[in-house]
J.: 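One structure follows; several queries about it will come next.
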Amino acid sequence: MPVPHFAPPSSPASSAEAAPRHASLGQVRTLFISDVHLGTPDCQAALLAKLLRRVRPERLYLVGDIVDLLAMRKRAVLDKDQQALVARVLRLARSGCEVIYIPGNHDAAFRRLCGLKLHNVSIERRVIHTTGSGRRLLVSHGDEFDTHVRIAPWLLTLGDGMHGFILSLNRWCNRARGMFGLPYWSLASALKRRSGVAQRYVAQFEEAAMRQARLEGLDGYVGGHIHQAGFRVEDGVLYCNDGDWVEHCTALAEDGDGALHLIDWQGQILESAPRHVMPRQAVPPATEAVTPEMAGA
């Protein structure tokens, strides 16, 4: 199946500088969110709904693990906040926002629907998004790069188990903070920043994603999966991770000039991508390129 290409929703790019850190975001052409994990008690649906009330993108990418079908096999949690979030996304789709759903590994069952459009939501395995500044970015969930990460399998298994336990502590921690009027804070994120294994995994994942974009002659990559938002530039290729909505509550936004920013649930800019990376020339695909079939699609 050919990879869909999505051009900028509107207006030409400008050469304006990226917005300053912690500034408010203006016009939003495109919003990328992933790893919402609807159906679990860790989903921060209320905060994401607040963001979607503050910003109204012309195009919304749902970059995988939006619904956690794996967790719902054991226990399904779909409270009123999560139901309201689903309703809000569907209202956006009905009101003219172009919504593209790219299933991840936790909602991989939806991959059999790729190429279809349901309730004004297009379902795709991966897409090429063109920003207003002319960058061509590969957009996928990112689980296809797990096979390129060279970490001992038992360490990854142990990490998955500990991650679930830490998320449960995260819930209790933030309930206590809420009682004292304190804002949301990610315990899981703080612990992962201190883990050498976690940081090696993240670095290798980023390298695999950028290598894939480079092999396809693209300017960069946008994904989720690893629950670690951020930017990285290497050899002229831009890596963007939009984060998640169980720990960090961040999204990736393209503004009216085609610049890319990480934003929080209030729509405040946390970090902006470098804008000096020039568009790359297309090159023939290499034989070691990661395909959806390699990821078990």
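When reading the values below, keep in mind they use all heavy atoms of this one structure, side chains included, and skip hydrogens, waters and symmetry mates.
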J.: First locate atom SG of Cys114, then atom CD1 of Ile102, and finally report the distance between them rounded to the nearest 0.5 Å.
T.: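 Nearest 0.5 Å value for the SG-CD1 distance: 9.0 Å.
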J.: Are Leu38 and Leu70 connected into the same hydrophobic cluster when the rule is that any two of I, L, V, M, F, W, Y join if their side-chain heavy atoms are below 4.5 Å apart?
T.: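 No; Leu38 is not reachable from Leu70 via cluster members.
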J.: For Phe110, is there any backbone N or O sitting under 3.5 Å from a side-chain donor or acceptor partner on Asp107?
T.: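 No, Asp107 side chain to Phe110 backbone: no donor-acceptor pair under 3.5 Å.
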J.: Run the side chain to side chain contact (heavy atoms under 4.5 Å, CB included) test against Ala229 and tell me which residues pass, sequence neighbours left out.
T.: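 Scan of Ala229 (side chain to side chain contact (heavy atoms under 4.5 Å, CB included), adjacent residues dropped) gives Thr250, Leu262.
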J.: Is a side-chain donor-acceptor pair under 3.5 Å present for Gln228 with Glu247?
T.: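 There is no such pair (donor and acceptor under 3.5 Å, judged by atom type) between the side chains of Glu247 and Gln228.
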J.: Check whether any side-chain heavy atom of Gln27 sits under 4.5 Å from a side-chain heavy atom of Glu58, and report yes or no.
T.: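 With C-beta onward as the side chain, the pair touches.
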J.: What about Leu78 and Tyr101, same hydrophobic cluster or not, with Ile/Leu/Val/Met/Phe/Trp/Tyr joined at side-chain heavy-atom distances under 4.5 Å?
T.: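 No, Leu78 and Tyr101 fall in different hydrophobic clusters.
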J.: So Val89 and Leu62, side chain to side chain contact (heavy atoms under 4.5 Å, CB included) or not? Walk me through it.
T.: CA-CA 10 Å; Val89 170; Leu62 305 172; 4.3 Å; yes
J.: May I have the step-by-step check of side chain to side chain contact (heavy atoms under 4.5 Å, CB included) for Leu260 and Leu137, ending in yes or no?
T.: CA-CA 11 Å; Leu260 297 167; Leu137 307 173; 3.9 Å; yes
J.: Output the distance between atom OH (Tyr239) and atom CD (Glu234), rounded to the nearest 0.5 Å.
T.: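 If I round to the nearest 0.5 Å, the distance is 12.0 Å.
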J.: Taking atom CZ of Arg56 as the centre, does the number of heavy atoms from other residues, nucleotides or ligands within less than 6.0 Å exceed 12?
T.: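 Check fails, neighbour count at 12 or below.
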J.: Between the side chain of Arg112 and the main-chain N/O of Ala109, is any donor-acceptor distance below 3.5 Å?
T.: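 A pair under 3.5 Å: yes.
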J.: Is the His37 ring parallel, tilted or perpendicular to the His106 ring (thresholds 30°, 60°)?
T.: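 Correct class here is perpendicular.
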J.: Might you work through the side chain to side chain contact (heavy atoms under 4.5 Å, CB included) test for Leu60 and Ile100, ending with a clear yes or no?
T.: CA-CA 6 Å; Leu60 172 63; Ile100 301 98; over 6 Å; no
J.: Do Arg59 and Glu254 meet the salt-bridge criterion of a basic N to acidic O distance under 4.0 Å?
T.: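 Looking at Arg59 together with Glu254, the answer is no, because their closest N to O distance does not fall below 4.0 Å.
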J.: Check whether Asn241 reaches the backbone of Gly230 with its side chain - one donor and one acceptor, N or O, closer than 3.5 Å.
T.: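 Judged by distance alone, no pair lies under 3.5 Å.
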J.: If the threshold is 4.0 Å, N to carboxylate O, is there a salt bridge linking Glu216 and Arg214?
T.: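 Salt bridge: no.
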J.: Which heavy atom of Val237 sits nearest to which heavy atom of Ala213, and what is that distance?
T.: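 Shortest heavy-atom contact: CG1-CB, 4.0 Å.
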J.: Tell me whether Val77 is reachable from Leu47 by hopping between hydrophobic residues (I, L, V, M, F, W, Y) whose side-chain heavy atoms are closer than 4.5 Å.
T.: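 No, because Leu47 and Val77 fall into different hydrophobic clusters, even though each may have its own neighbours under 4.5 Å.
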J.: Let me confirm one number: the CG-NE2 distance from Asp255 to His261, rounded to the nearest 0.5 Å.
T.: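 Going from CG on Asp255 over to NE2 on His261, the span is 3.5 Å.
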J.: Same cluster or not: Phe231 versus Phe32, using hydrophobic residues (I, L, V, M, F, W, Y) connected whenever any side-chain heavy atoms lie under 4.5 Å apart?
T.: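 Cluster IDs for Phe231 and Phe32 match.
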J.: So which atom in Gly142 and which in Phe205 form the shortest heavy-atom distance, rounded to 0.1 Å?
T.: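 Heavy atoms of Gly142 and Phe205 come nearest at O-CE1, 3.1 Å.
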J.: Using side-chain heavy atoms (C-beta onward) and a distance below 4.5 Å, is Arg125 in contact with Pro103?
T.: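 Arg125 does not reach Pro103 side chain to side chain.
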J.: Are any non-hydrogen side-chain atoms of Ile33 and Trp245 less than 4.5 angstrom apart?
T.: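 Ile33 vs Trp245: side chains touch.
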J.: Let's go through His141 and Arg126 carefully: what are the C-alpha distance in whole Å and the side-chain angles of both, what is the deciding distance for side chain to side chain contact (heavy atoms under 4.5 Å, CB included) to 0.1 Å, and is it a yes or a no?
T.: CA-CA 8 Å; His141 179 62; Arg126 66 207 295 268; over 6 Å; no
J.: Between Asp242 and Tyr61, does any side-chain donor sit less than 3.5 Å from a side-chain acceptor?
T.: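 No, because no side-chain N or O of Asp242 sits under 3.5 Å from a partner of the opposite role on Tyr61.
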J.: So, taking the atom named SG in Cys249 and the one named CD1 in Ile263, what distance separates them when rounded to the nearest 0.5 Å?
T.: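 Going from SG on Cys249 over to CD1 on Ile263, the span is 12.0 Å.
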J.: Looking only at non-hydrogen atoms, find the nearest pair between Leu252 and Cys240 and report the distance.
T.: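 In this case the closest contact between Leu252 and Cys240 is CD2-CB, 3.8 Å.
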J.: What I'd like to find out is whether the side chain of His129 reaches to under 4.5 Å of the side chain of Thr30, using heavy atoms alone.
T.: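 His129 reaches Thr30 side chain to side chain.
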J.: Does Asp257 reach the main-chain N or O of Ala259 with its side chain, forming a donor-acceptor pair under 3.5 Å?
T.: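 It does not hold such a pair.
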J.: Which residue in the set Asp146, Asp65, Asp35 passes side chain to side chain donor-acceptor pair (under 3.5 Å) when paired with His225?
T.: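 The option that passes is Asp146.
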J.: Which heavy-atom pair separates Ser140 from Val63 by the least distance, and what is that distance?
T.: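 So the two residues come closest at O-CG1, 3.3 Å.
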J.: Can you give me the closest heavy-atom contact between Pro57 and Cys97, atom names plus distance?
T.: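 Taking Pro57 first and Cys97 second, the nearest heavy atoms are O-SG, 3.3 Å.
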J.: Once you round to the nearest 0.5 Å, how far does CZ of Arg88 lie from CD of Gln83?
T.: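 Output value for this atom pair is 15.0 Å.
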J.: Let me confirm one number: the NZ-CG distance from Lys50 to Leu85, rounded to the nearest 0.5 Å.
T.: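 Going from the NZ atom of Lys50 to the CG atom of Leu85 covers 13.0 Å.
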J.: Between Thr131 (side chain only) and Arg135 (backbone N and O only), is there a donor and an acceptor less than 3.5 Å apart?
T.: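 Yes: the side chain of Thr131 pairs with the backbone of Arg135.
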J.: Would you say the side chain of Leu51 lies within less than 4.5 Å of the side chain of Gln266, judging by non-hydrogen atoms?
T.: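 With C-beta onward as the side chain, the pair stays apart.
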J.: If I compare all heavy atoms of Ser34 with all of Ile66, which pair ends up nearest, and what's the gap?
T.: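 Looks like CA-CD1, 4.1 Å.
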J.: Check whether Gln82 reaches the backbone of Thr40 with its side chain - one donor and one acceptor, N or O, closer than 3.5 Å.
T.: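 It does hold such a pair.
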